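Small disclaimer: the values here were computed from a predicted structure and weren't measured. Residue numbering restarts at 1 for every chain, and letters A, B, ... go by the order of the sequence lines.
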Amino acid sequence: PESADLRTLAKHLYESYVKYFPLTKAKARAILSGKTGDSAPFVIHDMKSLTEGEQFINCKQMPLPDQRPEMGLGFGMGQESADEVELRFFHRCQFRSAEGVREVTEFAKSIPGFVGLDLNDQVTLLKYGVIEVLIIMMAPLMNKDGTLISYGQIFMTREFLKSLRKPFCEMMEPKFEFSVKFNMLELDDCDMALFLAVIILSGDRPGLLNVKPIEDLQETVLHALELQLKMNHPDSLQLFAKVLQKMTDLRQLVTDHVHLIQLLKKTEIDLCLHPLLQEIMKDLY
Amino acid sequence: KEKHKILHRLLQNSTSPVDL
């Protein structure tokens, strides 16, 4: 009966994962391997294709993060500098990240027992967990050559991201290095759903008021993840341990990411950080 | 609580992308 409960929990978390995250690993891998019936994603590999990619997305009514009329949309203007295009791209990434935070919050609320926790602890778990979750969610969208963005409609090359000016060029490379290794574990969407819940329910986040109920919840999800990995990957030795080890790498990735954002805030005059992301990153590490 | 206004709001209600 106990393992039946753990299977029910796995199924529940998988269902909410599919409900709240629009681009699953299964869909992303199908796009990356050209196995969808739809057309291939638009490829961004230089500044010109970046501007064209923006046009492609605007045609599909994606809201712009900054709609000041004097900024224009950059079409056919010619005089717009690469700096401006890069900054606008960064703003779009922030807008998407804020939307990602909303998705992760809804997923967290669907974890049995989460909304029963002290509200301040729910905030702390999200504040510390959400960037880790967003980085894990990026992995299925990436391969060694680039990443899907805009819900899989666009593929942006790793070389292009490396060619941006400092420190933008340093933002994604560590995530590619992590993702290429993480993808070798070959987790599927159900494995991912359980792993994300384990990350969110970390009882060692700074400032938690009531650790015990969080640890109890995490323990149950850990059992469900262990069982899931044994059943789904019977030939993959020590997979459970390997997956858990990734949590250490994740914390370092987040620390480095937050430091880069803080550096950006100092060096880029025109940079405005999304209020939700500001809230999360303030006094984080 | 004031420091994490938006997170509180997201936790207590569903917020549409437009509100963000």
Can you tell me how far the CD1 atom of B:Ile6 sits from the OG1 atom of A:Thr105, to the nearest 0.5 Å?
11.0 Å
For the interface with chain B, which of A:Val123, A:Val115, A:Val130 has the highest count of heavy-atom pairs at distances below 4.5 Å?
A:Val123
Look at atom CZ of A:Phe90 and say whether more than 12 heavy atoms of other residues, nucleotides or ligands are closer to it than 6.0 Å.
yes
Between B:Asn13 and A:Glu106, what is the shortest heavy-atom contact and its length?
O-OE2, 4.2 Å
Give the intermediate values and the outcome of side-chain contact (heavy atoms from CB on, under 4.5 Å) for residues B:His4 and A:Leu276.
CA-CA 8 Å; B:His4 298 105; A:Leu276 175 57; over 6 Å; no
Would you confirm whether A:Gln122, through its side chain, and B:Leu11, through its main-chain N or O, come within 3.5 Å as a donor-acceptor pair?
no
Could you report the tightest heavy-atom contact between A:Glu279 and B:Lys3, atom names first, then the distance?
CG-O, 2.9 Å
A:Lys109 side chain to B:Leu10 main-chain N or O, any donor-acceptor pair under 3.5 Å?
yes
